[in-house]
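Worksheet: one structure, shown below.
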Amino acid sequence: MPSQQDLHHPRSHGRLQETTQVFDPGRTEDVLIRNYDHQRGYDLTLVVLTQAGETAFQNRYYLQPGETVSECDLLPSDDYEIAVTLDNTQEASRRYRIDSSPDHTAVIEIGNGALSLTAGLYS
């Protein structure tokens, strides 16, 4: 039988810990950032501006090769300007409608030195 200490500390002898992610239909994916380059990581700065030009959200990411990051439930439904800087050299921006629809998710893809901003998870 495991001791009380064993119940509170994960074991670290080379085994992967099992994790389960549960789909929550109440959460919305506002921004999806995907590094489809499997050879190189990238620095990315994301700034989301309101229609009045105020910063609604900003963050800096380092995406490992093949990594995907989602930002969920960040923003109320509205129109936003999303500005992205890749590796402190390449900049792009686009106006998005962000709301609970998958068609209104900001999708940012990077890879092979290219930066792409599109709308919609399934487009």
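Between G120 and V107 the shortest heavy-atom distance is O-CG2, 3.4 Å. Nearest heavy atoms, S100 versus S77: N-OG, 4.4 Å. Considering all non-hydrogen atoms of both residues, S93 and A83 come closest at CB-CA, 4.0 Å. Summarising the geometry of A56 relative to Y80, their closest heavy-atom pair is CB-CE2, 4.1 Å, with the distance given to 0.1 Å. When every heavy atom of S116 is checked against every heavy atom of T118, the shortest pair comes out as OG-CG2, 3.8 Å. Taking each heavy atom of E29 and C72 in turn, the nearest pair found is CA-SG, 4.0 Å.
Within the 4.5 Å cutoff, no side-chain heavy atoms of D78 are placed close to those of I98. Residues L117 and V84 meet the side-chain proximity criterion, which asks for heavy atoms closer than 4.5 Å. Residues D99 and S101 form a side-chain contact, since some pair of their non-hydrogen atoms from C-beta on lies under 4.5 Å apart. In this structure, the side chains of E71 and F57 come closer than 4.5 Å at one or more pairs of heavy atoms. When side chains are defined from C-beta on, Q58 counts as touching V47, because their heavy atoms get closer than 4.5 Å.
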- Query: Hey, mind stepping through D79 and R97 against side chain to side chain contact (heavy atoms under 4.5 Å, CB included) and telling me if it holds?
  - Reply: CA-CA 4 Å; D79 292 327; R97 172 74 186 170; 3.0 Å; yes

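By the 6.0 Å and 45° rule, R60 does not stack over the aromatic ring of Y62.
Evaluation of the side-chain contact (heavy atoms from CB on, under 4.5 Å) rule for P102 yields L121, Y122 as partners, not counting sequence neighbours.
With rounding to the nearest 0.5 angstrom, the CG atom of L115 is 5.5 Å from the CD atom of Q90. Annotation: the span from N59 atom CG to L44 atom CG amounts to 9.5 Å, rounded to 0.5 Å. Note that the CG atom of D43 and the CG atom of L86 stand 8.5 Å from one another [nearest 0.5 Å]. Between the OG1 atom of T55 and the CD atom of E81 there is a distance of 12.0 Å, given to the nearest 0.5 Å.
Linking ILVMFWY side-chain heavy atoms closer than 4.5 Å, directly or via other members, places L46 and L49 in two distinct hydrophobic clusters.
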Solution key, residues 30-38 side-chain donor-acceptor pairs under 3.5 Å, sequence neighbours excluded:
from, atom 1, to, atom 2, distance (Å)
D30, OD1, T28, OG1, 3.4
D30, OD2, D73, N, 3.4
D30, OD2, L74, N, 2.6
D30, OD2, L75, N, 3.0
R34, NE, E109, OE2, 2.9
R34, NH2, E109, OE2, 2.9
N35, OD1, D37, N, 2.9
N35, ND2, R40, O, 2.9
N35, ND2, L63, O, 3.3
N35, ND2, Q64, O, 3.1
D37, OD1, Q39, N, 2.8
D37, OD1, R40, N, 3.2
D37, OD2, Y42, OH, 2.9
D37, OD2, N112, N, 3.1

